[in-house]
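Quick caveat, the model's predicted, so the values are computed rather than measured. Naming convention: chains lettered A, B, ... in sequence-line order (proteins, then strands); numbering from 1 in each chain.
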2 protein chains.
Amino acid sequence: MTYLRYSAILTVLMKSEKISELTTSRLSVYLRCLNALHAAGIKTISSQALAEQFNLNSAQIRKDLGYFGEFGVRGVGYYVADLRDHITKILGLDSPHRVGIVGAGRLGTALANYNGFARSNFTVAAVFDNDRQKIGGRIGDAKIAVHDVDQLAKVIREESIDVMVIAVPAKAAQRVLNQVMSAGIKAVLNFAPVSLTSRRGVKVKTVDLTTSLESLSYFLSQPSSVAVTQPRSHSRSEESFPQRRKGAKAENL
Amino acid sequence: MTYLRYSAILTVLMKSEKISELTTSRLSVYLRCLNALHAAGIKTISSQALAEQFNLNSAQIRKDLGYFGEFGVRGVGYYVADLRDHITKILGLDSPHRVGIVGAGRLGTALANYNGFARSNFTVAAVFDNDRQKIGGRIGDAKIAVHDVDQLAKVIREESIDVMVIAVPAKAAQRVLNQVMSAGIKAVLNFAPVSLTSRRGVKVKTVDLTTSLESLSYFLSQPSSVAVTQPRSHSRSEESFPQRRKGAKAENL
DNA sequence: CTCTGTGAAGTCATTCACAGCG
DNA sequence: CGCTGTGAATGACTTCACAGAG
């Protein structure tokens, strides 16, 4: 099957294993790093050198990549431009995504203006709200139109939106998610601090600021500030650091 | 040791095990739920009933709580108000925290106005920037003062800030983190899309929107949209759902 | 008889360690 | 000889299953 390796679709099907979200998150991080290396004119990099950037194990990187093919060259490492292209395809970032944001509050507005999206081939195509004051207006430098939430399905279709961001108050979030799912959306990034129920085939990723902060609070309340184990992998920020230690890394993807 | 159980400090020291961040994140979620139950006038709840709220295993909840003491009553469950108080203490949310935000851009401003913080005993006490235009001003409804980043250490001391939020561009983040650490801060929430190096005893939690979105993109690019395994625990949003299934949950703490 | 608390088993992720390619 | 790719070993987290308290 080696000769099929460079097909984006086949890459993904090569092994029937399911890929953990931990792996895809790391791929995203590797990609960011590879882009920087490429911009710096660096041509090749070993898994060891790449691992040092994030304080993770080089075997982890090789394993992550190994799920999708054999991209390295023994005795050399990985060609930066080549690996970058592969990961871009693996993550589906070679084709553009269009994003809709529900909630034109402060967070929604900040996200609508977030420039980091464009770099990954994401474009914010529409914002939705239920506030008559905001509907019909435009926000941000890009003058993105604010639509009535009732027009969700219609606008999603017209604008070919495939990813939705939920930035509404907690009590409205499930209702909004239901509407979003009805409109056929399969990927949702949720900022409302609630546990949402999604249906099969719909991926909801929640970013919960309250939980993040409260978790930090627990850490602060620990006597020595060293009684928290890391969630896994990377981010061995504190104690329990093995032999090598040149400064800990903070991740939490 | 049972008679010491109700001391906040002892609670934390009871077992010498290290507590995973996965556990503390879930505690935060339980707490939110308990607050809602309390407000709804519900007096007791079993681990089974609580688990159903998040589609996680009831043993998981009992285990999480078990690290800190025995809070339940056999045959009955947990007293809502009682458990709420315990978790509040465990997470260190019984004493207030003061938050500083570096970066008065859109995200920093949105965060400065985020009301969700107050509920958990967090107060945003100061914002920092390096833009002369912004320094000396005040932002948000609460009119929080914007300080020069050069005054970081001084203001942190004066305002008794113990948690810092980094909301600056990626290339400035490490420098800011270094300053923040020098000022003695032990807990940092980072929104810059970079892997930061922290020193021992300093906890950095990164919220990386790009990585979250790119991870969603991978999911979208999967043929059947069912080839992604869950990170662990909850959030068994798709396929591979065991026997019971009344609708999947989306977490990802 | 119900529901907690917890060892034991099971599942999944990371790290080790090395064969073997370039 | 260096570095990848990968089975095997280790470690972490979750779920099972049940003794025993109320």
Side-chain angles (χ1 to χ4, degrees), chain A residues 2 5 14-15 17-26 44-52 54-79 82-83 86 228-236 240-244 249 251 253, chain B residues 1-2 5 14-15 17-27 44-52 54-79 82-83 86 228-236 240-244 249 251 253:
Chain A
T2 304
R5 187 178 301 149
M14 281 194 70
K15 314 210 174 179
E17 288 173 87
K18 308 243 186 271
I19 303 302
S20 146
E21 200 170 317
L22 294 167
T23 293
T24 58
S25 292
R26 282 191 300 263
T44 67
I45 188 156
S46 68
S47 60
Q48 177 60 52
L50 196 54
E52 280 165 9
F54 317 112
N55 276 45
L56 41 94
N57 189 288
S58 63
Q60 172 112 79
I61 294 180
R62 296 197 299 276
K63 267 259 153 75
D64 284 340
L65 297 175
Y67 293 127
F68 303 98
E70 304 197 357
F71 306 126
V73 180
R74 289 158 196 245
V76 177
Y78 299 88
Y79 289 105
D82 192 44
L83 186 56
H86 274 110
V228 179
T229 53
Q230 266 30 67
R232 179 144 269 156
S233 69
H234 36 62
S235 169
R236 30 168 62 122
S240 77
F241 211 76
Q243 55 294 88
R244 77 194 141 103
K249 283 293 176 171
E251 276 302 307
L253 304 175
Chain B
M1 281 184 77
T2 303
R5 188 178 301 150
M14 280 194 71
K15 314 211 176 180
E17 287 173 88
K18 308 243 184 272
I19 304 302
S20 147
E21 200 171 315
L22 294 167
T23 293
T24 58
S25 292
R26 281 191 300 263
L27 287 178
T44 67
I45 188 156
S46 67
S47 59
Q48 178 61 52
L50 196 54
E52 281 165 9
F54 318 112
N55 277 44
L56 39 94
N57 190 289
S58 64
Q60 172 111 79
I61 294 180
R62 296 197 299 275
K63 268 259 151 75
D64 284 340
L65 297 174
Y67 293 127
F68 302 98
E70 305 197 355
F71 306 127
V73 180
R74 289 159 196 244
V76 177
Y78 300 87
Y79 289 105
D82 192 44
L83 186 56
H86 274 110
V228 179
T229 53
Q230 265 32 64
R232 180 143 267 156
S233 68
H234 35 58
S235 170
R236 29 168 65 126
S240 78
F241 210 79
Q243 54 293 87
R244 75 196 143 105
K249 282 294 176 171
E251 275 302 308
L253 303 175

*asked:* Nearest whole Å is fine: how far is D/dT4 C1' from A/Y67 OH?
replied: 16 Å

_Rounded distance (Å) that lies between atom P of C/dA13 and atom CD of B/E21_ = 18 Å

*How would you label the contact of A/T23 with the nucleic acid (heavy atoms, under 4.0 Å): base, sugar-phosphate, or nothing?*
nothing

*When rounded to the nearest 0.5 angstrom, what is the spacing between CG in B/D64 and OG in B/S47?*
11.0 Å

*Rounded to the nearest Å, what distance is computed from the OH atom of residue A/Y78 to the C1' atom of nucleotide C/dC21?*
13 Å

*Of all residues at least two apart in sequence or in a different chain, which pass the side-chain contact (heavy atoms from CB on, under 4.5 Å) check with B/S46?*
B/Q48, B/A49

*asked:* The side chain of B/N57 is closest to which nucleotide in this list: C/dT4, D/dC16, D/dA8?
replied: D/dC16

*Expressed in angstrom and rounded to an integer, what is the separation of A/H86 atom NE2 from D/dG5 atom C1'?*
16 Å

*Which of these nucleotides, C/dT14, D/dT4, C/dT4, is closest to any side-chain atom of B/S47?*
C/dT4

_Any base atoms under 4.0 Å from A/S58, or only sugar-phosphate, or nothing? Heavy atoms, all strands._
nothing

*Distance in Å, A/E52 CD paired with A/I61 CD1, rounded so as to fall on 0.5 Å steps*: 9.5 Å

*How close or far is atom P of C/dT14 from atom CD of A/Q60, stated in whole angstroms?*
4 Å

*Report yes if some heavy atom in the side chain of B/Y79 is under 4.5 Å from a heavy atom in the side chain of B/H86; otherwise report no.*
no

Table of protein N/O atoms under 3.5 Å from nucleotides 18-22 of chain D N/O atoms:
from	atom 1	to	atom 2	distance (Å)
D/dG20	N2	B/R74	NH1	3.4

*Examine the base of C/dT14 for any acceptor or donor lying under 3.5 Å from a partner atom in the side chain of A/K63, and report the outcome as yes or no.*
no

*For B/K18 and D/dG11, give me the distance from atom NZ to atom P, rounded to whole Å.*
16 Å

*For B/I61 and D/dC16, what is the distance between atoms CD1 and C1' respectively, to the nearest whole Å?*
16 Å

*Check whether any side-chain heavy atom of B/F68 lies under 4.5 Å from a side-chain heavy atom of B/L27, and answer yes or no.*
yes

*Would you name the heavy atoms of A/L56 and A/A51 that are closest together and state the gap between them?*
O-CB, 2.8 Å

*Working to the nearest 0.5 Å, report the span between CZ of B/R26 and CG of B/L65.*
10.0 Å

*Of the nucleotides C/dA13, D/dT4, D/dA17, which has the atom closest to the B/A59 side chain?*
D/dA17

*Using whole Å, report how far CD of A/Q48 lies from P of C/dC16.*
11 Å

*Could you check which of C/dG5, C/dA13, D/dT4 has an atom nearest any side-chain atom of A/S20?*
C/dA13

*asked:* Counting only side-chain heavy atoms from C-beta out, which of C/dG7, D/dT4, D/dT14 sits nearest to B/L22?
replied: D/dT14

